[in-house]
Amino acid sequence: MKDRITFLLLTILIFSASNAFAQKKVSADVEVKQVAKGKVTTITKSVYCANNGRLVVHFHKPEDYFVLTNSKGETRIYMPKTNEVFTDKSNALSSKDELLSIFMSGRVDDLALGLYGYRLQSSSNEEGKLKKLFVSSDPAAPKVEVVFENFLPIYMAYLDASGHITSKTYFSKYTTTERFTFPTRSTSINYVAKDSTITRTIYSNIQVDKDAPEFNFEIPSGAKAVAIPTK
């Protein structure tokens, strides 16, 4: 009985974000370090997620600019220095892709894969860890494997048609905020040709339901619209 009660309490704690309106807004500071072809690139930014799907990202280094997007992938990039605004209609970026948005909305069980047409194909327990395999309704899309420990994702991998891993991500250093549990560190490895790119992302200063002017940031009406160059 004691073990059962402990299990229920842990489940409530972990999935307390399943109510999408439990928190209206979440923000955090982020540092991203990427190693590719022997070179290290560092990016710092602050992210501001709202439960209406609006995401504001303020990049600090190496350049100061803002990115505004929503769950539909409608994205605008504003450069304060030149007062220019770029509109991206490629849907390459969406607020649904931001890790903080995924966890604040309670999409822990599938890491929001269901929003992209994925469904659970199989699950198994291996050495105390739960492994889930997701497949897409699009036969050309890669399969995705997610491993959970204590109900939290610790590993995610994309596999091609032959079963080879094309990219993998490790989630670690979980912290519990006022409303949800979140991995403050992720390490991704993307395999490209004979090389690989390693990206480490660290979240800090996570704020839940705390006001900040960036949540309501709007691009100045006088900003000059500039077309995004195409190949």
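Along the sequence shown, residues are numbered consecutively beginning with 1.
- In terms of heavy-atom proximity, Cys49 sits nearest to Glu98 at SG-CG, 3.9 Å.
- Checked by atom type and distance alone, the side chain of Thr166 pairs as donor or acceptor with a backbone atom of Tyr158 at under 3.5 Å.
- Annotation for Val67 and Thr75: closest pair CG1-CG2, 3.7 Å, computed over non-hydrogen atoms.
- Side-chain N or O atoms of Asp209 include one that pairs as donor or acceptor with a backbone N or O of Lys25 at under 3.5 Å.
- No side-chain donor from either of Glu31 and Thr44 sits under 3.5 Å from a side-chain acceptor of the other.
- Under the 3.5 Å distance criterion, the side-chain polar atoms of Thr197 are left unmatched by any main-chain donor or acceptor of Ala36.
- The closest donor-acceptor contact from the side chain of Asp160 to the backbone of Gly163 lies under 3.5 Å.
- Ring orientation note: the planes of Tyr65 and Phe59 are close to parallel, at an angle under 30° on the 30°/60° scale.
- Between the side chains of Lys168 and Tyr191, at least one donor N or O lies within less than 3.5 Å of an accepting N or O.
- Residues Thr42 and Lys61 fail the side-chain proximity criterion, which asks for heavy atoms closer than 4.5 Å.
- Both Leu55 and Ile43 sit in one connected hydrophobic cluster of ILVMFWY residues. Membership requires side-chain heavy atoms under 4.5 Å apart, directly or through other members.
- Counting non-hydrogen atoms of other residues, nucleotides and ligands closer than 6.0 Å to NZ of Lys143 gives a total of 12 or fewer.
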